[in-house]
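Each remark here refers to the structure printed beneath this line.
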2 protein chains.
Amino acid sequence: MNLKDLAATLGLSQTTVSRALNGYPEVSEATRKRVHEAAREHGYRPDSRARSLATGRAMAVGLVLTTSARQEIVNPVFADFVASAAETLAARGYDIVMSLVTEAEQTAVYRSLLRKGRVDGLIMQAPLTGDARIGILHKIGLPFVVHGRVSDHDEAYSWMDMDNRHAFHTATDHLLDLGHRDIALINGIEDMDFAHRRREGFIDALAARNLRPRSDLMASAAMTESYGHDTAQRLLAQPQPPTAFLASSMLVGMGVHRAIREAGLQMGQDVSVVVHDDGLSYLPNGTPEQPLFTATHSPVRQAGHLCAEMLLRLIADPSEGPIHTKLQASFLAGPSTGPAPIQ
Amino acid sequence: MNLKDLAATLGLSQTTVSRALNGYPEVSEATRKRVHEAAREHGYRPDSRARSLATGRAMAVGLVLTTSARQEIVNPVFADFVASAAETLAARGYDIVMSLVTEAEQTAVYRSLLRKGRVDGLIMQAPLTGDARIGILHKIGLPFVVHGRVSDHDEAYSWMDMDNRHAFHTATDHLLDLGHRDIALINGIEDMDFAHRRREGFIDALAARNLRPRSDLMASAAMTESYGHDTAQRLLAQPQPPTAFLASSMLVGMGVHRAIREAGLQMGQDVSVVVHDDGLSYLPNGTPEQPLFTATHSPVRQAGHLCAEMLLRLIADPSEGPIHTKLQASFLAGPSTGPAPIQ
DNA sequence: AATCATGCCCAAAGCGCTTTGGACAAGAGT
DNA sequence: ACTCTTGTCCAAAGCGCTTTGGGCATGATT
């Protein structure tokens, strides 16, 4: 049952039926009611393609899902991010079209996005330092928002980012204030822009107190629990082990925690740990009253909402210049940090 | 630049240009080449809506993301599932359109999916026992595949499921063989069909040895780390604590592990733990050589691939009756289980 | 009584593609 | 010489919707 049939059934023109359904004023209340009833009765549902073709709006946004091909790891943050973005978008009638992009096909990238008309705008996730995708997105000519930023990239683009640098600066300061000097940074892959910035924040905080980072205490890899565990285990077995850890995610922190316990040490006493908490729904940092870790906290769901909202703004008015949102992580002191043990 | 313009530029008809680009044989090689070159040069990209409208195929499948509104928890399995499904689908030129569905709007549900023509088929995730959505999907009339099954539902539908019952039967048997009698089941929310089945497998295995489950040793909630921790902590403090735990996910298992250590006990010695491992990319069960937990293992990425393939088959030939795929979890003995301690 | 706005409705022209049903010329077969 | 294929191309009819540019009553205004 299409519009034509429905109009014929009602003895009305397509114009009137279309207007009645879309809430235009040029139709009497009686007719509108009649149309709505008939539509319901016959189970009429407009064809989104035809509508989209006629209006020019796709009522969908694209979300590019990147898998770090190297590690075959899907970003654990993805689920919450997309769920929150979808929530905001759905409320405005927008769908999400997902495209998977593996690093390998960077050139043939965004192939499906190149099929015009499928989406009105794009959200790009997990940018790398100097990510070439920004250029591609510019060429496509659709409004887009980057979740994160791209260092060393001067083209103007809209982004929404957490202040990773500041967050890790704060976390490091916290540990320094407690007297720690040998602090390990268990970071994500530093090609990822956010990891790069976190490292900078860490180093800056040390430098501000005339300390130099020990390169043997800085690790970088995909942020899994075992990575946290294995790295912490290795570092703790070193001649001059760290007295504190800075973990780039909850999962990594849990791995570090496990290694600490296995070494017969107690977290918060013998060894301190600060984690960054993305506020994943399935991986809460204990409870607000009883956190598991001292943490910098920045909910990814908030990020998802904001990205979606920014994109909708850009879609509504593409002339609106690049817009930026910087989120500050909150700092939460928990039981996983304490004064540095006296040598 | 649209097809018309391109054709005009080339001095050809739209028909010929369209055929040249889509690889139809009725066009000379010379012309085809010329058309391709012009298309590249002018950056021509066909409008997916127009094409879809003309062909009747959307070249996209819908994926329904459910958030358990009650707990506001996004399924951690989602990211890997969708990534693997997207991989398979992308290889065949299909996109994924995501819709968020909260339990609240079950009636107004699938609203965006009701907009016809957006997708050629659907994948439904995380079905509840007696899930009403199956009926809705049937009404929509598009081919669909359910990831999981729906107990107490007699309508025919295509599904792909892991044999949860068998997996948990096996896991329970393993613990029983080791002499454990007081086994705790730390399950997911039992409205979820998979959790329901796991519980059945657990109870069946006990019943097969004339044992009755202790209801005080069965828990059910959203599968977070803290849930695992808090529950295990509580149970271990009981007068007659369990000697073994069956955890419904890696994350839960990690929480249980933490509680065990905190209680001054050793996992694999004092208390045994078996987990179910979905093979999440960011949450591996140690390494294959050195697993962290004894586990039943069924990679969700495989499930994603299979669901996508099944759906593509159904789309290609909708007359093909409901198809079913049942995956068997593998069992991996690890260091987290050992003989029951002598009383 | 003539004019004007207003409310309600319609026919038809797109949106950009695919596909059907030929047209036309060149060479092959009789 | 004629018909038949074959290869190459085209005009035009959709696909199902929105939107433009009226038309025709009806009631209000001068």
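Because only heavy atoms are used, hydrogens play no part in the values below, and waters and symmetry mates are left out as well, while side chains stay in. Chain naming here is simple, since letters A, B, ... match the order of the sequence lines and numbering starts at 1 in each. Since this is a predicted model, take the numbers as computed values, not measurements.
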Notebook entry, point to check: What parts of residues 49-57 of chain A reach DNA chain C, counting only heavy atoms under 4.0 Å away?
Noted result: A:Leu53, A:Ala54
Next item on the list: Over all heavy atoms of both residues, which pair between B:Ala38 and B:Leu10 is shortest? Give the atoms and the distance, please.
Entry: CB-CD2, 3.7 Å
Check: Under a 4.0 Å N-O cut-off, is there an ion pair linking B:Arg149 with B:Asp161?
Finding: yes
Item checked: D:dC15 phosphate, OP1 or OP2, under 4.0 Å from A:Asn2 side-chain N/O -> no
Item checked: Atom-pair distance (CD on A:Gln14; C1' on D:dT20), nearest Å -> 15 Å
Next item on the list: Answer yes or no: is there an ion pair linking A:Arg40 with A:Glu37, defined by an N-O contact shorter than 4.0 Å?
Entry: no
Checklist line | Between A:Asp193 and A:Thr129, a side-chain donor and acceptor under 3.5 Å | finding: no
Next item on the list: Choose from D:dT19, D:dA12, C:dC8 the nucleotide whose nearest atom is closest to any side-chain atom of A:Thr15.
Entry: D:dT19
Notebook entry, point to check: Within less than 4.0 Å of OP1 or OP2 of D:dC9, is there a side-chain N or O belonging to B:Thr31?
Noted result: yes
Next item on the list: Give the nucleotide from the list D:dC10, D:dT18, C:dT19 with an atom nearest to the side chain of B:Ser13.
Entry: D:dC10
Checklist line | B:Ser13-B:Thr16 side chain donor-acceptor pair, cut-off 3.5 Å | finding: yes
Check: Are OP1 or OP2 of C:dC9 and a side-chain N or O of A:Tyr24 less than 4.0 angstrom apart?
Finding: no
Check: C:dC17 phosphate, OP1 or OP2: any side-chain N/O from B:Tyr44 under 4.0 angstrom?
Finding: yes
